Amino acid sequence: MIPVVLASQSPSRLQILRDGGIDPVIIVSEVDERAIEDEFTGSVGELTTALSEAKARAVTDRIIATTPPALHGADTVVVIAGDSLLEFDGRAIGKPGTAERTREVWSAIAGQWTQLHSGHTVAVLSRTPQTNGPADRSGADDGSVIVDENDRTASAIFELSALRSKRSATSVLIGTPTPEELEAYIATEEPFHVAGALTIDGYGGAFVDRLDGDHLTVLGLSLPVVRELVTDMGLLWPDLWTLQR
């Protein structure tokens with residue numbers, strides 16, 4: 001089994017991997033997304049790939065610098081990173097963050113076709129010629145494995161051997177909630193924290209009329225895309241499975 005690191009704190013991405021048989025170690029990238037967005041000049045789709053790659057590189061650098069005990073026993077580690085943005089009228093719509101901004105977003109997108117872009121980056125780390133260290137995994141209350149910043153080794157155990165990125169897009173027809181429905185949705189605060197001010201796996205799912213494409217792209221991580229990246233780098237997808245059904 002090859003351990004997987006998810007470079008994200010997204011509950012949706014974690015659940016997608018778990019549903020696909022993968023129980024990842026979680027290392028949040030802490031990348032300054034706003035700084036990247038402000039300087040980027042490409043398309044919305046290209047921006048999601050740039051963001052996912054920045055997250056993957058940040059996490060791989062951290063693993064190489066100070067490998068967490070959970071990965072000490074591995075010869076190969078796969079890092080998965082993703083980022084999503086909703087595109088409407090040629091512009092990116094990220095996480096609105098506030099009730100006021102959520103109302104602005106919904107006034108523009110209600111009843112309209114939009115594009116949800118998800119960028120994916122997979123990095124493969126290979127063990128350097130060193131003695132294996134002991135494996136140690138600690139769990140959070142929800143069962144996920146979280147790295148303790150105070151419990152790391154100072155030696156470099158891994159090196160980056162491959163990194164690839166690919167994006168996917170799904171067309172989304174946004175519904176038209178009533179003013180009362182929209183205010184109730186805003187009161188949940190769910191739209192504050194998701195790209196495009198809605199998510200199909202929560203309260204917002206009732207306000208999406210139609211999808212044209214991969215629904216996992218809308219949730220932030222397309223397993224077919226990730227599998228393609230993994231296999232293109234010479235790894236067997238089932239070797240990533242850790243959960244028994």
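In this text the structure is predicted, and so the values were computed from the model without any measurement. Residue numbers run from 1 in the order of the sequence given.
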Worksheet item: Would you call Arg103 and Glu183 a salt bridge, taking side-chain N to carboxylate O under 4.0 Å as the test?
Response: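 Salt bridge flag = yes for Glu183 with Arg103.
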Worksheet item: Do Arg57 and Glu53 meet the salt-bridge criterion of a basic N to acidic O distance under 4.0 Å?
Response: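 Result for this pair is yes, salt bridge flagged.
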Return yes if some donor-acceptor pair links the side-chain N/O of [X] with the main-chain N/O of [Y] below 3.5 Å, else return no.
X: Glu181; Y: Thr178; value: yes
X: Lys95; Y: Ala197; value: no
X: Ser165; Y: Thr121; value: no
X: His72; Y: Thr67; value: yes

Practice prompt. With Ser168 as reference, evaluate Thr217, Leu116, Thr48 under the side chain to side chain contact (heavy atoms under 4.5 Å, CB included) test and give the passing residue.
Written response: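 Running side chain to side chain contact (heavy atoms under 4.5 Å, CB included) over Thr217, Leu116, Thr48 with Ser168 returns exactly one hit, Thr217.
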Worksheet entry | For Val122, the option from Val4, Leu235, Val78 that meets side chain to side chain contact (heavy atoms under 4.5 Å, CB included) |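 The passing option is Val78.
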Worksheet item: Say you draw a straight line from CD of Glu189 to OG1 of Thr102; how long is it, rounded to the nearest 0.5 Å?
Response: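 Going from the CD atom of Glu189 to the OG1 atom of Thr102 covers 9.5 Å.
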Fill in: Rounded distance (nearest 0.5 Å) linking atom CG of Asp214 with atom OG of Ser222
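Atom-to-atom, Asp214:CG and Ser222:OG are 4.0 Å apart.
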Item to complete: Not counting sequence neighbours, which residues clear ring pair (Phe, Tyr, Trp, His ring centres under 6.0 Å) with Phe88? List them please.
Response: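 Listed in chain order: nothing, the list is empty.
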Discussion item. Through direct or indirect side-chain contacts below 4.5 angstrom among Ile, Leu, Val, Met, Phe, Trp and Tyr, which residues connect to Leu173?
Written reply: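 Listed partners: Trp113.
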